[in-house]
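Report on the structure given below.
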Amino acid sequence: MEILRGISVSPGIAIAEAVVLDAEEYRIPRRFTGLEEVDEQCDIIVRAFAASIEELTAQRTELHGHVGQDAADIFNWHLGVLQAPQIREQITELIREKRYAAAYATSIVMRTYQRRFLKMQDRLLAERVRDVQDIERRLLRHILGETREDLAHLTRPVAIVAHDLSPSRTAQLSKAQVVGVALDVGGAASHTAILLRGLGRPAVLGVKDLSSHISGGDTIIIDGANGLVVVAPDEPTLAQYRSQQQTYVRIRDELGALRDLPAVTQDGATFKLLANIEFPHEVPVCLEQGADGVGLYRTEFLYLREGGEPSEEEQYEAYREAIESAGGKPVTIRTFDLGADKYTQEKSFEAEPNPMLGLRSIRYSLQRLDMFKVQLRAILRASTAGPVRLMFPLIISLMEYRQARMVLHDAMEDLDDMGVPFRRDIVTGIMVETPAAAIQCRDFAREVGFVSIGTNDLVQYLLAVDRGNERVSRFYTAAHPAVLRVIHDVIRTCKKAGVDCSLCGETAGEPLYTMLLAGLGLRSFSMAPHNIPEVKKLLRMCTVKQMERVARRALSFETERQVVNYLRSQTKKMLPDDPI
Ligand code: PEP
Ligand code: MG
């Protein structure tokens with residue numbers, strides 16, 4: 001048994017067989033082969049080694065003279081490993097003796113080597129693990145071909161283990177039998193993490209070198225709340241986690257009873273608890289959890305799929321479905337927030353040196369007016385189906401907001417020309433998720449219809465910490481005093497100006513921040529649907545005075561550690577059984 005530590009991103013416990021995806025997201029199934037196929041599987045190995053050697057030799061020749069000695073040494077090392085008979089023999093031995101299929105046997109042998117390198121004291125040798133991973137990927141590519149296994153077609157419950165998983169691949173999990181996810185990289189506020197929380201899958205990210213420790217078919221436990229992955233658990237550990245799993249189910253069932261109760265405090269203050277969605281089919285789940293509407297519809301996920309940009313008609317259908325499913329409850333549609341870690345078709349963006357500060361979000365929309373207008377027309381057309389608001393992401397200046405509004409008017413004119421009905425008085429607002437928008441909030445409040453605070457990005461940009469990078473994840477926290485003060489200012493400014501203000505970053509769904517945010521004056525929270533019952537439970541137990549006291553005290557601290565410790569103690573008092 002081995003216990004590995006990572007970053008807790010989505011609570012819950014998953015106990016399942018691991019399916020390991022390599023960096024290119026191949027699935028390496030635990031597959032066996034019949035006696036009659038053994039020779040054929042061994043031939044596949046011989047061919048994969050030969051093709052890999054040929055490919056590497058060609059690359060080395062092509063690069064000859066263009067790269068330095070270091071790069072040449074790496075090529076030679078890879079070639080040396082592939083040309084030495086040892087690894088090939090070990091793989092074919094597994095095929096012959098254990099009847100493993102070629103890909104699975106390769107993965108097992110290469111991962112044994114990776115583990116060996118990882119244990120080496122010499123740092124330079126330990127770093128060779130990356131090279132071994134590279135060789136494994138090359139071999140697998142030749143064994144499996146370019147076809148990607150479709151996660152949607154898994155037939156039994158599994159836990160996904162991978163180096164990384166793109167947001168678009170993560171989105172596919174909703175249809176798959178994936179009960180949990182553990183990755184080598186990633187931070188708690190990455191879009192992959194947000195999706196996993198939204199899907200309600202236990203997940204641990206940033207478990208350095210995890211995918212090298214695990215082979216497909218190993219039983220693993222993903223302990224989402226504590227950020228742990230247990231590999232090959234012993235019986236007592238399994239029993240302990242199974243009992244914890246039951247406790248989770250009991251707590252969830254108890255919270256389910258709150259569904260139809262209003263989010264009202266002990267002293268009668270009413271709160272709006274909205275849901276964040278990525279797909280229209282999630283709306284019924286939001287309503288089941290008691291959502292008062294959709295506070296954030298991340299439409300960019302329509303674009304993160306194979307097969308080109310969605311047409312106006314496809315978009316119209318998606319938006320209309322979301323609005324109609326909400327059954328008269330309000331839906332806030334955010335225009336596409338592409339770029340940074342969310343790429344259309346992965347290739348249509350040039351790689352950027354600093355993508356989080358690059359051509360993303362509203363900046364990209366305003367450069368791709370054709371694409372932007374298509375989306376705005378689709379949203380406008382759908383707006384006749386129910387109460388809708390339109391939100392622009394990552395705004396840094398009033399000019400940007402005004403430009404976006406101008407494009408909206410162009411889209412309206414297009415529809416007028418075609419005689420297509422739409423809601424002319426659609427309310428438009430902005431996400432306050434950059435320091436610039438927060439600091440200039442008073443100016444924005446004069447023009448915008450509403451504001452939604454996006455703490456996921458706001459924290460990243462205020463603290464200069466990449467939200468998706470596990471190496472700096474310990475610096476990423478909404479509890480930083482600077483973040484609290486900025487959030488407080490925005491809420492206060494909006495209140496003074498009479499502008500509706502909500503918060504749709506992940507902090508809205510964390511019970512740790514509920515009393516603080518409510519005490520700062522926030523009355524509208526938008527979060528992953530599964531978080532609604534717990535936040536509601538907490539609000540219903542408190543008074544506004546009590547929460548204002550908590551907020552005042554939290555604002556008085558100078559360090560994030562004091563803030564977290566204080567909030568934890570206050571929340572624990574109210575929710576003693578919850579894993580906060
Ligand atoms: C945010 O930044 O807080 C937010 C809600 O938007 P996203 O997570 O999609 O960037
Ligand atoms: Mg954002």
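Atoms within each ligand, like the ligands themselves, are counted from 1 in listed order.
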Test item, Glu506 contacting ligand 1 (heavy atom, 4.0 angstrom):
no
Check each heavy atom of His191 against ligand 1 and say whether those closer than 4.0 Å belong to the side chain, the backbone, both or neither.
side chain
Mind checking whether [X] and [Y] have side chains closer than 4.5 Å, heavy atoms only?
X	Y	answer
Cys504	Ser452	yes
Phe557	Leu484	no
Phe336	Ser365	yes

Is Arg467 close to ligand 1, meaning an N/O of one under 3.5 Å from an N/O of the other?
yes
May I ask you to check if any N/O/S atom from Asp337 comes under 2.8 Å of the Mg ion (ligand 2)?
no
Output the list of atoms in ligand 1 that are nearer than 4.0 Å to some heavy atom of [X], sorted by atom number.
X	result
Arg298	4 (C), 5 (C), 6 (O), 7 (P), 8 (O), 9 (O)
Ile194	8 (O)
Asp337	10 (O)

Between the side chain of Arg389 and the main-chain N/O of Gly429, is any donor-acceptor distance below 3.5 Å?
no
Please answer whether the main-chain N or O of Glu314 pairs with a side-chain N or O of Ser311 as donor and acceptor at a distance below 3.5 Å.
yes
